[in-house]
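One structure is given below, encoded as structure tokens.
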Protein chains: 2
Amino acid sequence: MQTLHNALRSTLRYLRVCAKWLVLAALVGCLTGPLGAAFGLALSWANATRDVQGWLLYLLPVGGLVIVFLYRHFDPQGGGSTNQVFAAVRERKVLTLRTAPLIFFSTVTTHLLGGSSGREGAALLLGGSVSGQFGRLLRLNRHDCRLMTMCGMAGAFSAIFGTPLAATVFTIEVVNVGSMQYAALLPCLVSALLGVWISGQLGVAPTAFTLGATAELNPITLAQVLVLGILLAGLSIVFCELLHITPKLYTKFLPNPYLRVAVGGLLIIALTKLLGTTDYNGAGSAVIAAAMVGQALPWAFALKMLFTALTLGAGYKGGEIVPIFFTGATFGCAVAPLLGLPAPLGAALGMVALFCGCTNSPLASICLGLEVFGGQCLPLFALVCAVSYMLSSYFSLYHEQHFLHSKL
Amino acid sequence: MQTLHNALRSTLRYLRVCAKWLVLAALVGCLTGPLGAAFGLALSWANATRDVQGWLLYLLPVGGLVIVFLYRHFDPQGGGSTNQVFAAVRERKVLTLRTAPLIFFSTVTTHLLGGSSGREGAALLLGGSVSGQFGRLLRLNRHDCRLMTMCGMAGAFSAIFGTPLAATVFTIEVVNVGSMQYAALLPCLVSALLGVWISGQLGVAPTAFTLGATAELNPITLAQVLVLGILLAGLSIVFCELLHITPKLYTKFLPNPYLRVAVGGLLIIALTKLLGTTDYNGAGSAVIAAAMVGQALPWAFALKMLFTALTLGAGYKGGEIVPIFFTGATFGCAVAPLLGLPAPLGAALGMVALFCGCTNSPLASICLGLEVFGGQCLPLFALVCAVSYMLSSYFSLYHEQHFLHSKL
């Protein structure tokens with residue numbers, strides 16, 4: 001009788017915790033959905049405006065000075081890097097509330113004025129900060145605030161990209177490679193699903209492409225995809241190292257952060273004028289879309305890496321993921337035909353596998369491929385991601401990412 | 001110069017290990033592909049033959065006696081349970097070679113004579129044993145033999161179900177819940193992809209259904225799926241407990257294993273005759289297919305659980321997964337309309353979520369949903385799996401499955 005009573009009590013306690021998290025996660029979804037949507041719409045506006053008003057590019061150094069000023073005065077410790085949110089999750093610290101407006105403003109400014117950056121790192125900071133602080137407001141303990149931060153990351157990522165499953169799996173997979181934060185699975189997914197639904201209602205279109213070409217599953221295709229994966233693993237190492245080395249070089253030659261960001265802005269202007277194209281400024285969605293139908297310049301990937309490293313290294317803000325999509329898609333598009341694969345398929349595989357190599361999150365990458373390109377050629381996406389994961393060794397975009405097990 | 005030399009050497013060592021595993025995994029795929037195909041074809045033959053030759057059912061007790069005799073004489077320690085292969089992976093032990101013919105023969109016999117069981121547990125043992133022994137033949141160390149066993153599991157699972165990604169993720173996810181064996185990702189995937197390609201060439205059709213109905217992604221659908229997930233989590237607890245309690249009851253009342261298996265066989269015969277249908281004997285693929293188009297008896301799920309517990313508890317062999325598919329699909333099909341969801345969608349969600357609740361492998365379950373039903377309604381599959389995972393608590397089909405973290 002006593003045993004039955006205890007079992008019933010522990011069952012009820014278990015169910016109460018589940019119910020608590022369903023409610024909290026739904027609230028976070030309702031919070032980060034509109035926020036992510038606002039951020040996504042602001043970035044679309046920024047990119048569209050810059051396309052029309054070419055002169056905005058000349059203001060890039062001025063925008064950079066403002067960004068540096070804001071961070072030095074309001075968040076000197078944080079600095080608006082994606083690593084911040086990883087550290088917050090690992091060390092159970094809550095991101096400050098001012099993280100959110102700072103990253104929102106500085107990322108939109110970077111895109112509006114033609115810096116080359118992404119939006120996902122910014123979305124993670126945005127969602128993580130707001131929902132972590134919301135947890136604190138509800139007087140949750142550190143452990144619960146950590147889970148709130150994760151829900152916010154998934155919700156905002158999902159709202160802005162339209163990929164709820166990839167957002168969820170990324171959040172539970174990326175911080176400690178090899179340890180799945182399954183306790184966060186349901187809460188993050190609920191936030192992500194509500195986030196994407198709300199952002200869809202608010203007019204944010206999900207990132208989605210029709211796979212322009214497919215390939216049959218046979219040993220020859222597998223071998224071709226394997227080689228493509230090896231090349232993309234190598235490229236991911238180059239990408240990560242370039243993004244780590246550039247800020248060090250900047251700091252070495254230009255110790256003053258204001259001078260650094262201004263020079264960075266001038267370099268972007270000079271390069272843009274030299275090349276006579278704005279393909280490499282901002283998010284570059286048009287170039288990614290062109291790669292998906294098989295059109296890309298063979299050197300586009302290298303230029304995008306350069307633009308992104310110069311932009312982010314100088315102190316401009318935004319994520320690294322959309323530049324990775326650009327780099328991977330254009331590289332894959334250019335290289336695939338040499339391996340006997342259709343260029344559009346190469347672009348799709350390249351985009352996903354470079355993401356995987358840089359972030360070491362193979363399952364999130366496979367989910368991304370699935371949600372962006374549909375279920376076709378899933379085995380090929382899985383293979384290219386697995387190869388890219390294994391051969392990218394312990395290089396990572398995020399120095400706050402820890403590897404719990406050997407990769408081999 | 002010395003540093004560069006060292007870096008080059010460690011890079012080459014890294015690449016050599018990668019290359020070694022690509023070759024080994026491909027060999028395992030070539031080994032387990034035909035084996036899995038032979039097993040799949042034998043089981044198809046067994047089920048088809050029994051459908052025509054109804055009198056075979058009366059031989060079930062005799063078949064049981066043979067199975068018990070074989071296991072008592074040739075593998076008294078092992079016993080042909082799926083737990084064996086989990087223990088082999090965790091403790092870096094290699095399964096004996098005789099595990100393979102024993103499980104092959106006894107599973108086919110169980111299906112041919114009308115016992116209710118699956119094939120996936122058997123496939124894992126089959127693939128794990130042969131490839132682990134192959135590793136030993138190549139004089140690999142214990143660590144490497146463990147990875148060979150995992151490749152074999154993925155290869156055979158994939159060959160028989162036609163779901164390479166689910167097979168891979170299941171293998172790296174299931175043994176220690178919360179720790180992803182990423183080092184096994186690429187090798188397992190290569191084995192699984194080659195396995196499924198070979199078995200396809202040999203005429204094994206992949207498990208695939210067209211999703212008969214879809215639902216729009218909105219908060220109402222999400223709430224409906226959430227409730228369905230809660231019910232399926234409860235059902236998974238009942239399923240697991242039933243499968244654990246039945247052998248204990250059998251042993252308590254019938255300590256002699258020969259008597260036990262014979263009585264089990266007689267019970268199956270009696271129940272079959274009492275119900276006047278062979279729906280619950282063997283794999284029951286026709287019933288699963290009917291549920292996928294919205295047709296299932298409301299009590300079918302309960303009878304399948306009973307048949308399976310009586311069959312496996314008595315000492316007959318085979319996996320638990322196909323009975324789980326049957327139970328989940330018929331339950332989902334019957335319950336979904338009460339929640340306002342289309343019955344075929346309920347069947348699909350039920351099949352995948354019961355698998356998730358019983359095996360505690362949410363990502364493999366999502367992959368399974370994807371590979372069996374295509375990419376449609378992916379967010380709903382993810383949600384139902386996440387709910388089923390969280391609410392099934394620490395109940396598990398496998399007592400050799402360990403939980404590394406708290407589920408909450």
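What you see is a predicted model, and the numbers here were worked out from it, not measured in a lab. Below, read A as the first sequence line, B as the second, and so on, with proteins coming before strands; counting in each chain starts at 1.
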Legend entry - Separation of A:Cys240 SG from A:Leu397 CG (nearest 0.5 Å): 5.0 Å

Inset, instruction - Let me know if B:Leu22 has heavy atoms under 4.5 Å from chain A in its side chain, its backbone, both or neither. - result: side chain

Legend entry - Toward chain A, the part of B:Ile172 with a non-hydrogen atom under 4.5 Å: neither

Legend entry - Closest non-hydrogen atom pair between B:Ala215 and B:Leu345, with its separation: CB-CD2, 3.7 Å

Inset, instruction - Considering non-hydrogen atoms only, spot the tightest contact between B:Val387 and B:Ile230 and give its length. - result: CG1-N, 3.5 Å

Inset, instruction - Please report the shortest heavy-atom distance between A:Val352 and A:Gly369, naming the atom on each side. - result: CG2-CA, 3.7 Å

Inset, instruction - Just give me the residue among B:Pro164, B:Cys18, B:Gly375 that pairs up with chain A most often, heavy atom to heavy atom, under 4.5 Å. - result: B:Cys18

Legend entry - Taking every non-hydrogen atom, the tightest pair across A:Ala159 and A:Val204: O-CG1, 3.8 Å

Legend entry - Test side-chain contact (heavy atoms from CB on, under 4.5 Å) applied to B:Leu391 and B:Leu232, step by step: CA-CA 9 Å; B:Leu391 284 170; B:Leu232 285 156; over 6 Å; no

Legend entry - Pairs of heavy atoms under 4.5 Å with chain B: top-ranked of A:Pro362, A:Ala184, A:Cys385, A:Cys367: A:Pro362

Inset, instruction - Tell me whether the centres of the aromatic rings in A:Phe355 and A:Phe170 are closer together than 6.0 Å. - result: yes

Would you mind checking chain A against chain B for donor-acceptor pairs under 3.5 Å and listing them?
residue  : atom : partner  : partner atom : Å
A:Tyr14  : OH   : B:Met390 : O            : 2.5
A:Glu173 : OE2  : B:Tyr182 : OH           : 2.3
A:Gly178 : O    : B:Met180 : N            : 2.8
A:Ser179 : OG   : B:His405 : NE2          : 3.4
A:Met180 : N    : B:Gly178 : O            : 2.9
A:Tyr182 : OH   : B:Glu173 : OE2          : 2.3
A:Met390 : O    : B:Tyr14  : OH           : 2.5
A:His405 : NE2  : B:Ser179 : OG           : 3.4

Inset, instruction - Identify the two heavy atoms, one from B:Leu383 and one from B:Leu222, that lie closest to each other, and give their separation to 0.1 Å. - result: CD2-O, 3.5 Å

Inset, instruction - Please state whether the side chain, the backbone, both or neither of B:Ile366 comes within less than 4.5 Å of a heavy atom of chain A. - result: side chain

Legend entry - A:Ile220 CD1: over 12 foreign heavy atoms closer than 6.0 Å: no

Inset, instruction - Specify which of B:Val190, B:Leu404, B:Leu147, B:Leu165 makes the most heavy-atom pairs with chain A at under 4.5 Å. - result: B:Leu165

Legend entry - Greatest number of heavy atom pairs closer than 4.5 Å to chain B - which of A:Ala26, A:Ala192, A:Pro219: A:Pro219

Legend entry - Largest heavy-atom contact set with chain A, pairs under 4.5 Å, which of B:Leu217, B:Leu370, B:Leu185: B:Leu370

Legend entry - Nearest atoms (heavy-atom pairs only) where B:Pro379 meets A:Leu193: CB-CD2, 3.4 Å

